[in-house]
Amino acid sequence: MKESGRKQSAASPCAACKLLRRRCAQDCVFAPYFPADEPQKFASVHKVFGASNVNKMLQELPEHQRGDAVSSMVYEANARVRDPVYGCVGAISSLQQQIDHLQTQLAIAQAEVVHMRMRQFSSMSSGGGTAGNSPENVSPSSRHTQTQPTMSLFTMDMVVDQANMGESLWSC
């Protein structure tokens, strides 16, 4: 009878206290951030940072910042478990390379559009006053090209060269 009364009054320990095999106090700094139903969350943080360091970090922060700090520690710890050498820096580096590659592809596509517009503009202007180039027969995008100042071929070549240079750096 005494045994069942003790179980009901005792709260289940948080994941941190359970892993550390200690009694979870009512003012446990880990309890709000490492609930008992998510033991892996604290296990990975403990493995990378250590319970003492996590405790110190949380104690030094104001309460309204602790949740974000725990989220960051969990992310970094999981990244370190997956990649012990680079951790989340490896993921960031990979994403940066993807951004660079996509920016290079975008620059090449933009240069191709400019090149096509220049070709279209030069064929329209060299055609003279033929019926095919009358205002009624010119596409709306062509009219837009005619009214806007166009880039010189030199500028367009520079854009293509920059795009190609970025692409060659990507392949290294």
Side-chain angles (χ1 to χ4, degrees), residues 1-117 141 144 148-149 151 155-172:
M1 180 103 177
K2 214 176 202 184
E3 187 76 321
S4 65
R6 195 179 333 155
K7 280 187 177 180
Q8 289 175 351
S9 66
S12 64
C14 67
C17 291
K18 192 179 273 188
L19 183 78
L20 299 172
R21 296 186 176 139
R22 66 181 193 189
R23 188 176 151 268
C24 190
Q26 192 172 6
D27 62 340
C28 176
V29 71
F30 298 120
Y33 312 107
F34 300 104
D37 60 342
E38 298 177 16
Q40 190 57 36
K41 189 174 172 182
F42 182 75
S44 60
V45 169
H46 180 296
K47 184 177 182 178
V48 173
F49 296 106
S52 178
N53 289 330
V54 174
N55 187 17
K56 287 177 193 174
M57 285 188 266
L58 291 176
Q59 292 288 346
E60 292 174 359
L61 289 172
E63 282 191 43
H64 70 277
Q65 293 179 341
R66 291 179 184 176
D68 292 336
V70 168
S71 295
S72 295
M73 284 188 271
V74 169
Y75 183 82
E76 173 65 26
N78 288 333
R80 283 277 169 200
V81 168
R82 280 191 307 275
D83 184 358
V85 176
Y86 294 110
C88 66
V89 174
I92 292 169
S93 176
S94 173
L95 291 171
Q96 185 61 49
Q97 287 178 343
Q98 288 178 10
I99 288 170
D100 293 344
H101 181 67
L102 291 171
Q103 285 175 334
T104 300
Q105 287 180 330
L106 177 62
I108 290 170
Q110 288 172 333
E112 287 175 3
V113 167
V114 169
H115 185 69
M116 292 170 78
R117 285 186 178 166
S141 62
H144 178 71
Q148 294 292 327
M151 294 175 63
T155 306
M156 185 183 66
D157 288 339
M158 287 178 49
V159 171
V160 172
D161 288 343
Q162 287 175 348
N164 289 336
M165 181 176 19
E167 192 173 72
S168 66
L169 290 174
W170 172 253
S171 62
C172 292

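By the salt bridge (charged side-chain N to carboxylate O under 4.0 Å, His left out) test, K18 pairs with no residue at all, sequence neighbours left out. Contacts of P32 classified as side-chain contact (heavy atoms from CB on, under 4.5 Å), with partners at least two apart in sequence or in another chain: none. With sequence neighbours left out, the side-chain hydrogen bond (donor to acceptor under 3.5 Å, both in side chains) criterion links R66 to no other residue.
When all heavy atoms of P35 and A15 are compared, the closest pair comes out as O-CB, 3.2 Å. The minimum heavy-atom distance between V81 and S44, with the atom names listed, is CG2-CB, 4.4 Å. Across every non-hydrogen atom of F42 and A16, the tightest pair is CD2-CA, 3.4 Å. Here the shortest heavy-atom pairing between P13 and A36 reads O-CB, 3.3 Å. Residues E76 and C88 come closest through the heavy atom pair OE1-SG, 2.5 Å. The minimum heavy-atom distance between A69 and L61, with the atom names listed, is CB-CD1, 3.3 Å.
With hydrogens and angles disregarded, a donor-acceptor distance shorter than 3.5 Å links the side chain of R80 to the backbone of V85. In this structure, S72 contributes its side chain and D68 its backbone to a donor-acceptor pair below 3.5 Å. Of the possible polar contacts, one joining the S71 side chain to the G67 backbone as a donor-acceptor pair under 3.5 Å is found.
Rounding to the nearest 0.5 Å places CD1 of I99 at 11.5 Å from OG1 of T104. Atom NE2 of H46 is separated from atom CG of N55 by 11.0 Å, given to the nearest 0.5 angstrom. Atom CD of E38 is separated from atom CD of Q40 by 11.0 Å, given to the nearest 0.5 angstrom. For the atom pair CD of Q97 and CD1 of I92, the computed distance is 12.5 Å after rounding to the nearest 0.5 Å. Note that CD of E63 and CG of L58 are 10.5 Å apart. Values are rounded to the nearest 0.5 Å.
In this structure, a donor-acceptor pair under 3.5 Å is present between the side chains of H101 and Q105.
At a threshold of 4.5 Å between non-hydrogen side-chain atoms, the residues V48 and M73 do not count as touching. At a threshold of 4.5 Å between non-hydrogen side-chain atoms, the residues V113 and M116 do not count as touching. L19 has its side chain out of reach of F34: every pair of non-hydrogen atoms, C-beta onward, lies at least 4.5 Å apart. The side-chain heavy atoms of Q110 and L106, taken from C-beta on, include a pair separated by under 4.5 Å. At a threshold of 4.5 Å between non-hydrogen side-chain atoms, the residues V74 and Y33 do not count as touching.
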Apply side chain to side chain contact (heavy atoms under 4.5 Å, CB included) to V45 and K41, showing your working.
CA-CA 7 Å; V45 169; K41 189 174 172 182; 5.5 Å; no
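More than 12 heavy atoms of other shown residues, nucleotides or ligands fall within 6.0 angstrom of atom CZ in F49. When the shell of 6.0 Å around CD of Q59 is examined, it contains more than 12 heavy atoms from other residues, nucleotides or ligands.
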